[in-house]
Amino acid sequence: MKNLNSVVAIGPQALPGLAEMLRQRAVSQIFVVVDSNTARHCYPVLEPYLPAHTLIEIPAGEEYKTLATCETVWSQLTEKSADRFAVVVNLGGGVVTDLGGFCAATYKRGIRFVQVPTTLLAQVDASVGGKTGVDFQGFKNQIGVFQEPAGVFIDPQFLQTLDNRQLKSGYAEVVKHWLIADAPAFDTQRHEGVLVEDWSLIIRDSVATKQQIVEADPLESGLRKVLNFGHTVGHALESYLLLQPGREILHGEAVAAGMICESWLSVQKGLLSETELDRIETFLFSVFEKVQFVTMETDAIAQLALQDKKNSGTTINCTLLNGIGKAVYDQPVTLAEIAESLRYYHRL
Ligand SMILES: NC(=O)c1ccc[n+]([C@@H]2O[C@H](COP(=O)([O-])OP(=O)(O)OC[C@H]3O[C@@H](n4cnc5c(N)ncnc54)[C@H](O)[C@@H]3O)[C@@H](O)[C@H]2O)c1
Ligand SMILES: O=C(O)C(=O)C[C@@H](O)[C@H](O)[C@H](O)COP(=O)(O)O
Ligand SMILES: [Zn+2]
């Protein structure tokens, strides 16, 4: 599969494919960015495929997806005199692929990087499409650049050590791809839930859906915004809870809640039927627990949507569904409507 100028390899041939790419290109040094978990669970799988390299370890978790962590990565690249022929291999979930990608894309104005995603979320979504970045002042992905990796190497065997909660978090982005672009998959595959034995096909389909959209609009000037379905409210919830010790939720959990809120908004705008909303809700609640917040918090959560990257000025532009499998972007919604959607979710 080709993604703009980068290769996407999926399956058991992915890691040998990465080894081959590193052999063929002019590479001065290789740096492998891992977090504390992927150092333990995933690096031993990747290591035999790599020539001499330097390991850069960052702490695990969304709270470390910050500029401060980037500084530690840039420092290690600098200390080792990485030049413009160096390659960064990001081995991890979406935090490592977003942050490692951003560090590479900005170091000396940009060196090559490849993504080796190890969570379902990163395999179906974060590693593909060239969005890189970090959170800033509590806002999701506030600082970042679009930069395509030189390659994405997806081996589903990494999922064997992932716990069920993380698997479900990634599944939320799979469901998002179904809801925006693949009604037949929603109709048939949802019956399996996360009891999937072999994720390869789901990963292939999800990546293909995302690639098609990204290729049509790599810099998100229009169509790509459909990939943000569930994220206007989802990111607001995630940002709000991220700053509250003990209440952090995973990205996919926030997106699942956001997809219910934004499906409800779609009904209010006359785009989606009540029956379709009911099917979406019933399915999502069969997989995800309800995100806990109190009604008093809804206005504060909704306020955070004012920082959404799809907004123009003070207008919040949401991606909504105009049927299962069909999405429309740039739908203006008010702050009051966002807050009401959260109250709707809370009442369910
Ligand atoms: N760039 C994009 O297009 C894009 C798309 C979707 C999400 N994201 C971002 O991705 C991030 C979420 O990614 P995530 O869900 O992968 O989170 P993550 O990177 O925090 O990984 C989740 C947890 O699993 C651990 N882990 C990773 N691989 C493992 C493995 N194989 N076995 C055991 N443990 C493993 C990690 O150390 C971490 O503790 C968010 O910051 C989100 O904003 C980016
Ligand atoms: O690739 C995209 O485009 C997406 O919107 C995919 C999202 O799942 C992902 O969470 C992305 O990081 C959100 O981007 P942002 O621009 O809203 O920060
Ligand atoms: Zn997402």
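Order of appearance sets the numbers: ligands from 1, and atoms from 1 within every ligand.
- Around the CD atom of Glu289, the shell of radius 6.0 Å holds no more than 12 heavy atoms that belong to other residues, nucleotides or ligands.
- Of all the heavy atoms of Ala60, the ones lying under 4.0 Å from any atom of ligand 1 belong exclusively to the side chain.
- Aromatic rings from Tyr43 and His53 are positioned such that their centres are separated by under 6.0 Å.
- Between Phe293 and Tyr240, a ring centre-to-centre spacing not shorter than 6.0 Å is recorded.
- Among protein heavy atoms, atom 3 (O) of ligand 2 sits closest to Arg224 NE, 2.7 Å.
- Remark: aromatic rings of Tyr344 and Trp264 are close, center separation under 6.0 Å.
- Taking atom 7 (C) of ligand 2 as the reference point, the nearest protein heavy-atom neighbour is His231 NE2, 3.3 Å.
- The shortest contact between atom 18 (O) of ligand 2 and any protein heavy atom is with Lys309 NZ, 2.6 Å.
- Residue Gln157 places every heavy atom at 4.0 Å or more from ligand 1.
- Rounded to 10 degrees, the NE2-metal-NE2 angle spanning His231 and His251 at the Zn ion (ligand 3) equals 100°.
- Within the set Val128, Asp125, Leu121, Val124, the minimum heavy-atom distance to atom 6 (C) of ligand 2 is found for Asp125.
- Within the structure, the closest approach of Gly92 to ligand 1 does not fall below 4.0 Å when heavy atoms are considered.
- Residue Glu173 counts as close to the Zn ion (ligand 3), with an N, O or S atom under 2.8 Å.
- Residue contact check: Asp98 has heavy atoms under 4.0 Å from atoms 1 (N), 2 (C), 8 (N), 9 (C), 44 (C) of ligand 1.
- The shortest N/O to N/O separation between Ser169 and ligand 1 does not fall below 3.5 Å.
- Considering only non-hydrogen protein atoms, atom 16 (O) of ligand 2 sits nearest to Lys131 NZ, 2.8 Å.
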